[in-house]
Amino acid sequence: MRRTQLFLPTLKENPAEAQIVSHRLMLRSGMIRQSAAGIYSWLPAGHRVLRKISQIVREEQDATGAQEMLMPTIQSAELWRKSGRYDDYGKEMLRITDRHDREMLFGPTNEELITDIVANEINSYRDLPKNLYHIQWKFRDEVRPRFGVMRGREFLMKDNYSFDLDHESARHSYNKMFVCYLRTFARMGLQAIPMAADTGPIGGDLSHEFIILAETGESEVFCDKALLDLEAPGADIEFESDLQPVIDQWTSYYAATDEKHDADSCPISGEQLVQARGIEVGHIFYFGTKYSEAMGAQVQGSDGKQITLEMGSYGIGVSRLLGAIIEASHDDAGIIWPEAVAPWNIGLINLKVGDGQCDAVCEALYGEARRLGIDILYDDRDERAGGKFADMDLIGLPWQIAVGPRGLKDGIVELKRRSDGERSTLSIDDAKAWIAERAAA
RNA sequence: CGGAGCGUGGCGCAGUCUGGUAGCGCACUUGUCUGGGGGACAAGGGGUCGGUGGUUCGAAUCCACUCGCUCCGACCA
């Protein structure tokens, strides 16, 4: 993408309403604009990241055998009356009336709807287990939206729901998602720490929050230092195998949010105990038959008897992850995108637009990257160098290639890694080769 | 939902107390000089001061109501 063509309104100054660093940087780097309290428009750069994160989530879900579908944002109140949550959910639920005075709502989550679908369409034990997910906008009318996309009212969430015949099988479904989440967050460059959690209004008796550490996190968390170095399972993990050893490994270390932490009974102390702030990016629940019973989700077993389904639900805050990643990865100059989610992987800076040689080399490098299918942003604006460097740092692309007359005199261009600022010089041919390596990686 | 604060060109702000018809920086347009970490000079464009009603000869400024947004606390992917 050429910068002159791109809609990327960056800001030099911090908007007054943004207090938290990720919110400031998302506004300044032209990713989002606010349209109402807790409701945002996603501009091209932000939307690209949102898509990349969604895609990683999707690939990791698919790897477990979960199947993607798409349920509507608007639901009927009737379903929610069945589960009893129409009244329980309170004012957080945005309620709507259609032209026929039918009561509708903007879905804050989908247990009722998916359970209703499964109850209607699955009738035999032979059709289980099933794990169904979608990535869809949710709306929760938060009392106090804040922190940009980290606590918006409208947010993009991946939610899925597992349906099993018995507790043991349901437990395996839960374990699959546990492992899947470790992998999903690791692919985004995040160390997410699973912490035993209260099950809250969703109910049930087995639940973990996945929390990443960041100074501006919403809640205080405590965990064993060893967790920070644990490696997520590799892509070769076999999801149908017994995953309990992996779960046991991760849950053997102490990890607790402040409401569960008790300084007196905490088994670790001193250097081994990390006290930090955390952002919840995922949450998994096993809740048995809570919804299947209410919604009548049963199948016929091999013995002819009706079996009420065992369920779990699993959520990842996709739009929240953008804020969370920025909170965990930025510096004074701007965002530092992990490669896997960066809106573009390479930023190409033409330091002197109009100079024949600079233009020619930039066009050659840009063309090469495009040919190889690499996401590259070419800053071809006729601006001064300083502004372009500053803008590129702000946007936070992992790699910057600077092409200017000074270097070209010696036949070289400069390569900079955003994460640590490390620079190196490359000949033009080496730069092309380097780009080709990125494509192969 | 309790407490606090803020709405003035795209962004950041001054002006409000003490009423006299809107200003600064950045951004934007045009030109010249420049050109490796947000440059200089010159000339421009853009705002019914959140809205409604009131007081007044006159309201960004005073009064009332209202809408929106932000922050702190209690609640949450």
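Numbers restart at 1 for each chain; the letters A, B, ... are given by sequence-line order, proteins then strands. Because the structure is predicted, anything quoted here is derived from the model rather than measured. Note that these values count all heavy atoms, side chains included, but never hydrogens, waters or copies made by symmetry.
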Against the side chain of A:Ala36, the closest entry in B:rA77, B:rG35, B:rC69 is B:rC69

With a 3.5 Å limit on both atom pairs, tell me what B:rA60 is paired to, counting Watson-Crick and G-U wobble, or say none.
none

With A:Arg370 as the cation and A:Tyr378 as the aromatic partner, state whether NZ or CZ is under 6.0 Å from the six-membered ring centre and within 45° of the axis.
no

Pick the P atom in B:rU70 and in B:rG38, then give their distance to the nearest Å.
33 Å

Please confirm whether A:Trp337 and A:Trp344 have ring centers closer than 6.0 angstrom.
no

Given the side-chain rings of A:His208 and A:Phe178, with only the six-membered ring counted for Trp, is the space between their centroids under 6.0 Å?
yes

Under 3.5 Å, N/O pairs linking protein and nucleotides 1-4 of chain B:
| from | atom 1 | to | atom 2 | distance (Å) |
| --- | --- | --- | --- | --- |
| B:rC1 | OP1 | A:Lys91 | NZ | 2.9 |

Fit a plane to each ring of A:Phe210 and A:Phe185, take the angle between them on a 0 to 90° scale, and name the class: parallel (under 30°), tilted (30 to 60°) or perpendicular (over 60°).
tilted

Near RNA chain B, under 4.0 Å by heavy atom, which residues of residues 18-25 of chain A?
A:Gln19

For A:Trp42, check side chain to side chain donor-acceptor pair (under 3.5 Å) against everything at least two apart and list the hits.
none

Please tell me whether A:Asp62 and A:Tyr133 have a donor and an acceptor in their side chains that are separated by less than 3.5 angstrom.
yes

Once base and sugar-phosphate atoms are separated, protein heavy atoms under 4.0 Å mark nucleotides 9-16 of chain B, 5' to 3', with B, S and - as --BSS---

Of A:Gly407 and A:Gly148, whose closest RNA chain B nucleotide lies nearer the 5' terminus?
A:Gly407

Would you tell me whether A:Asn175 and A:Gln244 have side-chain atoms, one donor and one acceptor, within less than 3.5 Å of each other?
yes

pi-stack flag for A:Phe389 and B:rG38, centroid dist under 5.5 Å, interplanar under 30°:
no

Protein N or O to nucleotides 27-34 of chain B N or O, pairs below 3.5 Å:
| from | atom 1 | to | atom 2 | distance (Å) |
| --- | --- | --- | --- | --- |
| B:rU34 | O2 | A:Arg384 | NH1 | 2.6 |

Across all strands shown, which nucleotide pairs with B:rC49 by Watson-Crick or G-U wobble geometry, both distances under 3.5 Å?
none

A:Leu351 atom CG is separated from B:rG39 atom C1', nearest whole Å, by 15 Å

When you compare B:rA42 with B:rU8, how far apart are their P atoms, in angstrom units rounded to a whole number?
30 Å

Does A:Asp355 contact B:rG35 through a side-chain donor or acceptor facing the base, at a distance under 3.5 Å?
no

Expressed as a whole number of angstroms, how long is the span from A:Ile349:CD1 to B:rG38:P?
13 Å

C1' spacing across the pair B:rC28 / B:rG12, given as an integer number of angstrom:
16 Å

Does any pair with a residue in residues 345-355 of chain A pass salt bridge (Lys or Arg N to Asp or Glu O under 4.0 Å), and if so which ones, sequence neighbours excluded?
none

If the P atom of B:rG46 is compared with that of B:rG23, how far apart are they to the nearest Å?
13 Å

Starting the side chain at C-beta, find the nucleotide from B:rA77, B:rG38, B:rG36 nearest to A:Glu414.
B:rG36

Please classify the nucleic acid contact of A:Gly386 as base, sugar-phosphate, or nothing, using heavy-atom distances under 4.0 Å.
sugar-phosphate

Considering every strand and a 4.0 Å limit on heavy-atom distances, what is the contact class for A:Pro108: base, sugar-phosphate, or nothing?
nothing

Of A:Met157 and A:Leu394, the one whose closest RNA chain B nucleotide lies more 5':
A:Leu394

A:Glu142, nearest nucleotide to its side chain (from B:rC75, B:rG36, B:rG37):
B:rC75

Students often get this wrong, so: under 4.0 angstrom with heavy atoms, is A:Asp159 touching a base, only sugar-phosphate, or nothing?
nothing

Starting at CZ of A:Phe147 and ending at C1' of B:rG73, how long is that distance when rounded to a whole Å?
12 Å

Is a donor from one side chain sitting under 3.5 angstrom from an acceptor on the other, for A:Asp164 and A:Ser173?
yes

C1'-based separation of B:rG9 from B:rC33 [nearest Å]:
29 Å

Is a donor on one side and an acceptor on the other found under 3.5 Å between the side chain of A:Tyr161 and the backbone of A:Asn110?
yes

Both distances under 3.5 Å, Watson-Crick or G-U wobble: report the partner of B:rC11, or none.
B:rG25

Distance, rounded to the nearest Å, where A:Arg381 contributes CZ and B:rG35 contributes P:
20 Å

At 4.0 Å (heavy atoms only), tell me whether A:Lys409 reaches a base, stays on the sugar-phosphate, or touches nothing.
nothing

Would A:Arg58 and A:Gln55 count as having a side-chain donor-acceptor pair, cut-off 3.5 Å?
yes

Base, sugar-phosphate, or nothing for A:Arg33, non-hydrogen atoms under 4.0 angstrom?
nothing

Identify which one of A:His283, A:His134, A:Gln136 satisfies the side-chain hydrogen bond (donor to acceptor under 3.5 Å, both in side chains) criterion when paired with A:Asp159.
A:His134

Using the ring centroid of each side chain, check whether A:Phe155 and A:Trp137 are separated by less than 6.0 Å.
no

d(CD, A:Glu111; P, B:rA77) in whole Å
11 Å

Pair A:His167 + A:Tyr174: ring centers closer than 6.0 Å
no

Closer than 4.0 Å, any side-chain N/O of A:Gln34 to the OP1 or OP2 of B:rG68?
no

Assess the residue pair A:Glu112 and A:Ser83 against the criterion (side chain to side chain donor-acceptor pair (under 3.5 Å)); give the C-alpha distance rounded to whole Å, side-chain angles, the decisive distance to 0.1 Å, and a yes or no.
CA-CA 7 Å; A:Glu112 282 77 0; A:Ser83 72; 2.5 Å; yes

Positive for side-chain contact (heavy atoms from CB on, under 4.5 Å) with A:Val281, one of A:Val318, A:Ile212, A:Ile325
A:Ile212

Using a 4.0 Å heavy-atom cut-off across all strands, classify A:Gly152 as base, sugar-phosphate, or nothing.
base

Can you confirm whether the side chains of A:Asp380 and A:Thr4 place a donor and an acceptor under 3.5 Å from each other?
yes

Quick one: A:Arg406 CZ to B:rG37 P, roughly how many Å, whole number?
7 Å

Roughly how many Å is it from CG in A:Asp379 to C1' in B:rG38, rounded to a whole number?
12 Å

Expressed in angstrom and rounded to an integer, what is the separation of A:Glu154 atom CD from B:rA77 atom P?
18 Å

